[in-house]
Each structure stands twice: as C-alpha cells, then as structure tokens.
Amino acid sequence: EDIFEQLKQTVITGDKENVVARLEKGINQGKTAMELLNQGLIPGIEEVGDKFGKGIFFLPQLMLAGETMTASFGFLEPELKKSGSKKIAKIILATVKGDIHDIGKNILSVLLANHGFDVIDLGKNIDTEDIIQRAIDENAEIIGLSALMTTTMTRMPELIEKVKERNIPVKVIVGGAVVTRSYANEIGADGYAKDAVEAVQLCKNLIS
Ligand code: B1M
C-alpha cells in the first residue's frame with residue numbers, strides 16, 4: 001500500500017494519533033507536502049464527506065476526520081512555507097459567519113503567503129461587517145471568502161452588496177466546497193477558484 005493510500009485511510013479512520021508519523025514517512029520517501037495533501041489527505045476527507053452525506057458516517061467520525069486534517073496541517077504548514085519573499089498585495093481571508101469549516105481556507109492562507117501575498121487570516125465564523133472593516137483598515141486589495149455550506153454561502157452576496165454600496169475599492173473572491181463558478185458569477189464576485197492552487201493564480205491575475 002503506498003503512502004498516499006495510507007494517508008487517505010488515516011483520515012477516513014480519523015487516526016489523528018498516527019497521522020504525523022505517516023506524513024514524516026512520506027516526506028522521508030521524498031514526497032512533497034503538497035503531494036501528501038492533494039493525493040492523500042484531501043481524497044480522504046472528501047470520502048468522509050461523501051459517507052457523511054450518504055448517512056454511512058455520523059458526526060463523531062466527521063469530527064475525528066476533521067481533527068486528523070487539522071493535526072496534519074500543523075505538521076505540514078512549516079513544510080509548505082517558504083520565507084523571505086517580498087509582499088505583492090494584501091488579502092483578507094475568512095470563513096463566513098456561521099461556518100466553522102477552515103481546513104481549505106488554512107491551506108489557501110499558506111499557499112498565498114508562499115506566493116508573496118500579505119495574508120491577514122481572520123479565521124472562521126467571521127461577521128461580514130468585521131471582514132469589511134478589516135479590509136478598509138488594512139487597505140487590502142482582495143477579500144477572500146470561504147464557505148462550505150449552502151446555509152452559509154449566502155453571506156457572500158451579503159458582503160459583496162455592502163462592498164459595492166459603499167464603493168470600497170476591494171476585489172472579492174469566493175470558494176469552498178459548495179460554491180460554484182456559476183454561483184460566483186450570479187452574486188457578482190470578482191473571482192472564483194475551485195481549489196487553493198487555482199485561487200493563487202486568480203489572485204495574481206486580479207492584481208496585475
Ligand atoms: Co462539515 N459539512 N459540518 N464538518 N464537513 C460538509 C461541508 C458537508 C458538505 C458534509 C456532507 O453533508 N456531505 C455538509 C454541508 C452540506 C451543505 O451545506 N450542502 C457539512 C455539515 C452539514 C456540517 C455540520 C452542520 C454537521 C452537523 O453538525 N450536523 C457541521 C457545521 C458546523 C458549522 O460550520 N457551523 C459540520 C462540522 C464539521 C466538522 C467541524 C466536524 C469538520 C470541520 C473541521 C474544520 O474545518 N476545522 C467538518 C468537515 C471536515 C467536513 C467535510 C467532510 C470536509 C471539509 C474539508 O475540510 N474539506 C465536508 C464535506 C465536503 O466538503 N465534501 C463537510 C477539505 C478541504 C481542503 O476542502 O474546504 O472545500 P475545502 O477547500 C478546498 C476548495 O474548496 C478551495 O480550496 C481548498 C483546497 O484546495 N477553497 C477555496 C476553499 N475555500 C476557498 C476560498 C477561495 C478559493 C478556494 O477563495 C477565497
């Protein structure tokens with residue numbers, strides 16, 4: 001069984017005690033942090049979401065898998081980070097109000113910082129007005145919103161409307177599992193990305 005399959009199973013079984021040791025094994029085999037994430041951990045958490053959606057898994061399993069992802073990220077974060085690059089633009093990141101899913105946003109946060117963005121990550125469950133206020137205070141070029149639920153993604157048009165009403169010179173991009181390109185267009189977002197890698201490219205395009 002290869003390391004990617006092992007990592008996938010580690011997330012599915014929520015084996016958070018052993019995930020770091022397996023990641024270390026992967027790194028020792030010459031795999032990169034991005035490969036371990038994209039080919040092992042993320043397919044694992046996606047399968048968990050699928051099983052939860054079908055009623056095969058329940059909340060405790062979802063939580064354990066989430067904790068396993070968070071533990072992995074704690075280990076991978078320094079591996080993903082490069083230091084010393086000059087900052088090219090400021091971006092405010094947040095998971096919208098009512099939504100505590102932050103694994104994808106955290107990945108995006110590190111990747112953007114890696115590519116020279118000055119990232120101000122406000123965290124999860126963040127109020128629309130707080131996000132807007134920080135963007136103004138920090139003079140940010142971009143606001144990046146993440147939402148993972150159909151019940152919370154409505155916070156995105158709410159923020160976009162306020163930004164437009166008040167003529168705040170900031171671009172708003174959106175993403176997260178339930179968000180689609182057509183939804184992003186419909187609500188007047190300045191951009192949408194299906195994953196963190198695409199989001200970095202999108203941000204680069206928006207500021208050039
Ligand atoms: Co929850 N959850 N969850 N959950 N959870 C989902 C989202 C769900 C789809 C599962 C399902 O039913 N199949 C479902 C939502 C259904 C819907 O609305 N359609 C759901 C539910 C219902 C819930 C609860 C309500 C469960 C309950 O309590 N009964 C509850 C809600 C809590 C709340 O927010 N108020 C809940 C709780 C949790 C945990 C806490 C247990 C845990 C989160 C832990 C954490 O984040 N720290 C959790 C998890 C782990 C998931 C699933 C399984 C995985 C999410 C994840 O981390 N994926 C998820 C199923 C799924 O998504 N298929 C599910 C991996 C991550 C890397 O992907 O975040 O999509 P993602 O990010 C990607 C891209 O989307 C993109 O880049 C990332 C990587 O490339 N991206 C962006 C993300 N943000 C972006 C922003 C951008 C651009 C790209 O621009 C700014």
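All residue numbers in this chain count up from 1 along the given sequence. Counting convention: from 1, in listed order, for ligands and their atoms alike. Atom set for the values below is all heavy atoms of this structure, side chains included, hydrogens, waters and symmetry mates excluded.
Counting only heavy atoms, the protein never gets under 4.0 Å from atom 59 (C) of ligand 1. Within the 4.0 Å cut-off (strictly below), a protein heavy atom is located near atom 48 (C) of ligand 1. Taking a distance limit of 4.0 Å, we find that atom 16 (C) of ligand 1 is approached by no protein heavy atom. Atom 8 (C) of ligand 1 is not flagged as protein-proximal [any protein heavy atom, distance under 4.0 Å].
Protein heavy atom at the shortest distance from atom 18 (O) of ligand 1 is Thr150 N, 2.8 Å. Nearest protein heavy-atom contact of atom 72 (O) of ligand 1 is Gly104 CA, 3.3 Å. Of the protein's non-hydrogen atoms, the one nearest atom 45 (C) of ligand 1 is Asp102 OD1, 3.4 Å. The closest protein non-hydrogen atom to atom 44 (C) of ligand 1 is Ile103 CD1, 4.0 Å. From the protein, the heavy atom lying nearest to atom 40 (C) of ligand 1 is Ile100 CD1, 3.9 Å. Counting protein heavy atoms only, atom 89 (C) of ligand 1 is closest to Ala193 O, 3.4 Å.
A continuous path of ILVMFWY side-chain contacts below 4.5 Å connects Val197 to Met69, so both sit in one hydrophobic cluster. A continuous path of Ile, Leu, Val, Met, Phe, Trp and Tyr side chains, each step under 4.5 Å between heavy atoms, connects Val179 with Ile143, placing both in one hydrophobic cluster.
Near Leu59, meaning under 4.0 Å from one of its heavy atoms, ligand 1 places the atoms 26 (C), 27 (C), 28 (O). Near Gly176, meaning under 4.0 Å from any of its heavy atoms, are these atoms of ligand 1: 75 (O), 81 (N), 82 (C), 83 (C), 84 (N), 85 (C). In the vicinity of Ile173, heavy-atom distances shorter than 4.0 Å reach the ligand 1 atoms 90 (O), 91 (C). In summary, the atoms of ligand 1 found under 4.0 Å from a heavy atom of Ser146, numbered by their order in the structure, are 83 (C), 84 (N), 85 (C). Numbered from 1 in the order shown, with element, the atoms of ligand 1 that lie under 4.0 Å from a heavy atom of Gly144 read 91 (C). If you number the atoms of ligand 1 from 1 as listed, the ones under 4.0 Å from a heavy atom of Ile107 come out as 67 (C). Ligand-side atoms of ligand 1 in range of Ile45: 50 (C), 53 (C), 54 (C), 58 (N), 65 (C), range being under 4.0 angstrom from any heavy atom. Interface atoms of ligand 1 facing Ala177, defined by a heavy-atom separation under 4.0 Å, are 62 (O), 70 (O), 75 (O).
Between the side chains of Glu24 and Asn28, not a single donor N or O lies within less than 3.5 Å of an accepting N or O. A donor and an acceptor atom, one from each side chain of Gln6 and Lys25, are located under 3.5 Å apart.
Only backbone heavy atoms of Lys194 (N, CA, C or O) come within less than 4.0 Å of ligand 1; its side chain stays farther off. Only the side chain of Val178 comes within contact range of ligand 1, with a heavy atom under 4.0 Å; no backbone atom does. Under 4.0 Å from ligand 1, the heavy atoms of Leu108 that appear belong solely to its side chain.
Residue contacts with ligand 1: Thr151 is placed with no nitrogen or oxygen under 3.5 Å of a nitrogen or oxygen of the ligand (distance criterion only). Of the polar atoms of Ala196, at least one N or O is found under 3.5 Å from an N or O of ligand 1, judged by distance alone.
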With salt bridge (charged side-chain N to carboxylate O under 4.0 Å, His left out) as the test, would you mind laying out the steps for Glu165 and Lys162 before giving the verdict? CA-CA 5 Å; Glu165 256 168 39; Lys162 286 178 195 262; over 6 Å; no
How far apart are the C-alpha atoms of Val96 and Thr128, what are their side-chain angles, what is the distance that settles it, and do they pass the side chain to side chain contact (heavy atoms under 4.5 Å, CB included) test? CA-CA 7 Å; Val96 299; Thr128 303; over 6 Å; no
For Lys31 and Glu35, run salt bridge (charged side-chain N to carboxylate O under 4.0 Å, His left out): C-alpha distance rounded to whole Å, both residues' side-chain angles, the deciding distance at 0.1 Å, then the answer. CA-CA 6 Å; Lys31 307 285 193 276; Glu35 286 169 343; over 6 Å; no
Could you go step by step and tell me if Glu77 and Asn106 meet the side chain to side chain contact (heavy atoms under 4.5 Å, CB included) rule? CA-CA 9 Å; Glu77 197 175 0; Asn106 292 345; over 6 Å; no
Does Leu37 form a side chain to side chain contact (heavy atoms under 4.5 Å, CB included) with Leu76? I'd like the steps, not just the answer. CA-CA 8 Å; Leu37 200 58; Leu76 290 178; 3.9 Å; yes
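Few gaps surround NZ on Lys97; more than 12 heavy atoms of other groups in view lie less than 6.0 Å from it.
Here the rule is side chain to side chain donor-acceptor pair (under 3.5 Å) with Asp99, and of Thr151, Thr152, Asn125 only Thr152 fits it.
Using a 4.0 Å cut-off between charged nitrogen and carboxylate oxygen, Lys164 and Glu161 do not count as a salt-bridge pair. With respect to the salt-bridge test (charged N to carboxylate O, under 4.0 angstrom), the residues Lys124 and Asp102 qualify. The pair Lys54-Asp50 meets the salt-bridge criterion, with a side-chain N (NZ, NE, NH1 or NH2) lying under 4.0 Å from an Asp/Glu carboxylate O.
Assignment of Met63 to the shell around ligand 1 is supported, since a heavy atom sits closer than 4.0 Å. Using a non-hydrogen distance threshold of 4.0 Å, Gly98 registers as a contact of ligand 1.
Annotation: side chain of Tyr192 is not in contact with side chain of Ile173 (no heavy-atom distance under 4.5 Å). Using a 4.5 Å heavy-atom cutoff, the side chains of Val163 and Ile132 are in contact. Contact annotation: the side chain of Lys90 never approaches that of Asn139 to less than 4.5 Å [non-hydrogen atoms, C-beta and beyond].
Residues that satisfy the side-chain contact (heavy atoms from CB on, under 4.5 Å) test with Thr10, not counting sequence neighbours, are Asp15, Val19, Arg22, Thr68.
For a distance threshold of 2.8 Å, the protein N, O or S atoms nearer than that to atom 1 (Co) of ligand 1, listed by chain and number, are His101 NE2.
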